[in-house]
Amino acid sequence: MNAILKTSPPRPGAEAVAAKGWLAAHKWLILRRCSQLGILLLFLVGPWFSLWIVKGNLNFSYTLSFLPLADPYVILQSLAARQVPEKLALIGAAIVLLFYLLVGGRAYCSWVCPVNLLTDFAYWLRVRLGIKGSAHISRPTRYWMLGMTLVAAAVSGSIAWEMLNPVSMLHRGLLFGLGLAWAVLLAVFLFDLFVMRHGWCGHLCPVGAFYSLVGKLSVLRVRLPARAACNDCMDCFAVCPEPQVIRPALKAIAGTPPMILEANCTNCGRCIDVCSKDVFAFGTRFNATVAPVTGVPQAAPK
Amino acid sequence: MDNENKPSAAARRQFLADTARMACGVGLLGLGLGLYARHARALPPAAIRPPGALPEAEFSAACIRCGMCVRDCPFDILHLAKPEEPMSTGTPYFVARQLPCEMCEDIPCVKACPTGALDHSLKDINKSKMGLAVLVDHETCLNFLGLRCDICYRVCPVIDKAITLDPQSNARTGRHTLFIPTVHSEHCTGCGKCEKACPTEVAAIKVLPLYMAKGQLSSHYRLGWVEKEKAGGSLVAPEVQHQYNMPEGMQYEHGKGLSGSSGAVPPAPTPAAPAALPKALQGSKL
């Protein structure tokens, strides 16, 4: 896009800013950052100000001594290592699973995970610095990583991935002391900045891979109620961390209904922000009829 | 891809090569991770797990590194291991010499554990086995040197059970008693108060993980005196009364000491007058 669009607005989303105003063109991005930082802050006010709204960390937390939340992926590794956790952890994992079945599995990545702040920053910097070229690792590598972590848990008899997992390392580090975890996080940052575009979150992270499996069935979806209005500006592809998920729905490939059903859509909503034609909107996966908003109405795919 | 046109042999080869490369790369990472995790099981001896912790092999599978125990410890003794520390990253431990376990009666750390990595069946903190105190250095322990330091004995929350002071004669002076702090594994909880309180520059008594601190008799060993008690008498041969060959007019009884025979030597059981003793038993060497 860099070479072709030299003459047109240099940043994706400029058209949307002109059409909708800056705030509307950044609505979901702002909400998402608020969610990420807000969740982090909820955890941090405990150790910082002894204000214990939430105890624990992303692996398990207890909110107001009432709501247990556990990471089902960590629980799965514990089970793979042949340990059955007590009830509280299982209830917590069930609640989290149900929640992500509603809001989209990888919503965890874009709305909660603190590493996303880091890798988004790396990507932002990569674009600003004009760093081109990217190592090639296929996106499904993350599923191999996921399988590997479960095998490692089973073979070593311990939750082995937790020794390296940058997600829990960052979150736990901020709450309980970072130690040398900063080196692991710096490695992830530099990898995303210099070696590979969307390298960690988009290709390798097994946590994201796990949540994407949850997201296969999830209810909340990005829908394309006005996909006929698309003017092929490519802004959505430019901002999307998983651009391969857009094409089938946008171009109705193989009769795909106008909603993004790919498991790796993170429901970040950035495509909704940057589209000047309002092609995208959040909705449920049910009732896939098209309600054209603007532009030429297309024949309903049903 | 099989709908449209059959992939060429070259494409298929490329696909297989890519997949193999990916599998090998991830596999290699997995191997490293597995080995790393195995190594981390050899818990460093200075790191003591919280009360109720499962044996290390199970603990590293059950603990989800959430830090709830750390948060609910009212004395803030617990830490989560950082990546550079030689144990599973994110697992809880304390260092007795820095801050020992205060042995709360309600055991809040165990209650806080959501997975049971800290075993919820532990209800009595006195039954916990975080480790075992070992008097590792007989050369620097002040009681071994003949002083009445006794600090480890005094601070022990299970005083007179987990640590007792066992008298021994002081061979160096020949006239004093050493009060040897002796740890009894049956009662020691491994809280580490003794290690924390030991006044020497480096603690002479240390809490070690059980697997390091405790020996084990071979299964075929029997303690003769225990078996004898159980059987109500000697099991091997009729017991022979031991005879002491004493000078005429003297008697020796185990546990009672020397005495004169009835009436012959007047000051019988009272502190033996040196004059009444035979020459061989007189002098300062007793």
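Lettering of chains follows the sequences in order, A, B, ..., and the numbering in each one begins at 1. Computed from heavy atoms alone, side chains included, the values below leave out hydrogens, waters and symmetry copies.
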Discussion item. With side-chain contact (heavy atoms from CB on, under 4.5 Å) as the test, pick out the partner of Met130(B) among Pro100(B), Cys101(B), Pro50(B).
Written reply: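 Single side-chain contact (heavy atoms from CB on, under 4.5 Å) partner of Met130(B) among Pro100(B), Cys101(B), Pro50(B): Cys101(B).
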Worksheet item: Any side-chain heavy atom of Val214(A) within less than 4.5 Å of one from Leu101(A)?
Response: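 Of all side-chain heavy-atom pairs linking Leu101(A) with Val214(A), at least one is under 4.5 Å.
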Discussion item. Within the 4.5 Å heavy-atom criterion, are Pro114(B) and Pro85(A) side-chain neighbours or not?
Written reply: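 Heavy-atom side-chain distance check fails, nothing below 4.5 Å.
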Among [options], which residue forms the greatest number of heavy-atom pairs with chain A at distances under 4.5 Å?
options                       : value
Met22(B), Glu58(B), Arg71(B)  : Arg71(B)
Leu80(B), Leu29(B), Thr19(B)  : Leu80(B)
Gly116(B), Ala62(B), Cys63(B) : Ala62(B)
Arg21(B), Lys82(B), His120(B) : Lys82(B)

Is [X] in contact with chain A via its backbone, its side chain, both, or neither, using a 4.5 Å heavy-atom distance?
X        : value
Ile64(B) : both
Cys69(B) : neither
Ala57(B) : backbone
Leu35(B) : neither
Ala23(B) : both

Worksheet item: Quick check, are the ring centers of Tyr211(A) and Tyr100(A) under 6.0 angstrom apart?
Response: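 Here the rings of Tyr100(A) and Tyr211(A) have centres that are less than 6.0 Å from each other.
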Worksheet item: Would a distance-only check, ignoring hydrogens and angles, find a side-chain to backbone donor-acceptor pair under 3.5 Å from Ser110(A) to Thr266(A)?
Response: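 Yes, because the side chain of Ser110(A) sits within donor-acceptor range (under 3.5 Å) of the backbone of Thr266(A).
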Practice prompt. Without swapping roles, check the side chain of His171(A) against the backbone of Phe43(A) for a donor-acceptor pair under 3.5 Å.
Written response: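 No; judged by distance alone, with no hydrogens or angles, the pair does not exist.
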Sort [X] into side chain, backbone, both or neither according to what part of it lies under 4.5 angstrom from a heavy atom of chain B.
X         : answer
Trp52(A)  : side chain
Ala81(A)  : both
Leu178(A) : backbone

Fill in: Cation-pi check, Arg106(A) onto Phe210(A) ring (under 6.0 Å, within 45° of axis)
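The answer is no; the distance or angle limit is not met.
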Worksheet item: What distance separates Trp144(A) CH2 from Ser138(A) OG, expressed to the nearest 0.5 Å?
Response: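 Those atoms lie 9.5 Å apart.
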